[in-house]
Amino acid sequence: MSTMESAIEDLKDDSVPPCLYWSVDKVAEWIEKIGFPNYKSCITSNRIDGRKLITLEASQLPNIGITDFKHIKTISKAVRELLFIEEPDWKRSISLPPRENLGMYLERKGHNGKNLDGLTYKSFLLNLKDSKWQPPLANHCLILPRS
């Protein structure tokens with residue numbers, strides 16, 4: 001599947017954030033729209049498109065020229081809202097699955113490559129090997145059958 005076909009397929013799915021397919025110019029427009037026109041050049045000079053934006057963490061923003069801590073917090077919150085991600089719950093139980101399917105898909109899609117360019121959320125879900133998370137064994141050993 002081509003990049004364009006995968007984009008069309010993903011954009012039909014309401015659970016996939018459209019910002020994943022934004023161009024550098026669209027990300028620059030967005031940063032201006034949320035109140036930071038002075039950072040447009042940071043976005044364009046670092047060629048931050050939608051796929052890079054979804055993997056950009058708050059700790060990386062100073063590397064691209066965004067150094068004001070209040071601005072970093074505001075931009076990070078806006079990115080989470082774009083991705084339909086809630087603020088981290090630091091009281092969350094460790095017995096819960098480590099990530100949601102959409103989070104794992106966005107993590108994969110944030111990278112480049114021929115196979116990832118054609119990846120859609122639907123195909124990702126179909127090929128997900130272990131959609132149900134299993135906690136590790138408590139005894140740390142694995143009993144193998146004899147051959």
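Hydrogens, waters and symmetry mates play no part in the numbers below; they use all other heavy atoms, side chains included. Start at 1 with the first residue, then count along the sequence.
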On a heavy-atom basis, the closest approach of Asp49 and Val27 is C-CG2, 3.7 Å
Scanning both residues in full, the closest heavy-atom pair of Leu56 with Gln60 reads CA-OE1, 3.4 Å
Q.
Looking at Leu119, is its backbone amide N or carbonyl O close enough to the side chain of Lys109 to form a donor-acceptor pair, meaning the two atoms are under 3.5 Å apart?
A. yes
Here the gap from Thr74 atom OG1 to Ile34 atom CD1, rounded to the nearest 0.5 Å, amounts to 7.5 Å
Heavy-atom nearest pair, Tyr39 first then Thr67, reads OH-N, 4.5 Å
Exercise. Would you confirm whether Arg108, through its side chain, and Leu116, through its main-chain N or O, come within 3.5 Å as a donor-acceptor pair?
Key: no
Nearest heavy-atom contact between Ile54 and Leu83 is CG2-CD2, 3.3 Å
Among side-chain atoms of Asp25 and Ser23, is any donor-acceptor pair under 3.5 angstrom?
no
Check: Do the side chain of Ser45 and the main chain of Ser41 share a donor and acceptor less than 3.5 angstrom apart?
Finding: yes
- So, Asp13 side chain and Ser15 main chain: donor-acceptor pair closer than 3.5 Å or not? yes
Note: Ile72 and Pro62 closest approach over all heavy atoms is CD1-CG, 3.9 Å
Minimal heavy-atom distance between Asn46 and Lys52, with the atoms involved, is O-NZ, 4.1 Å
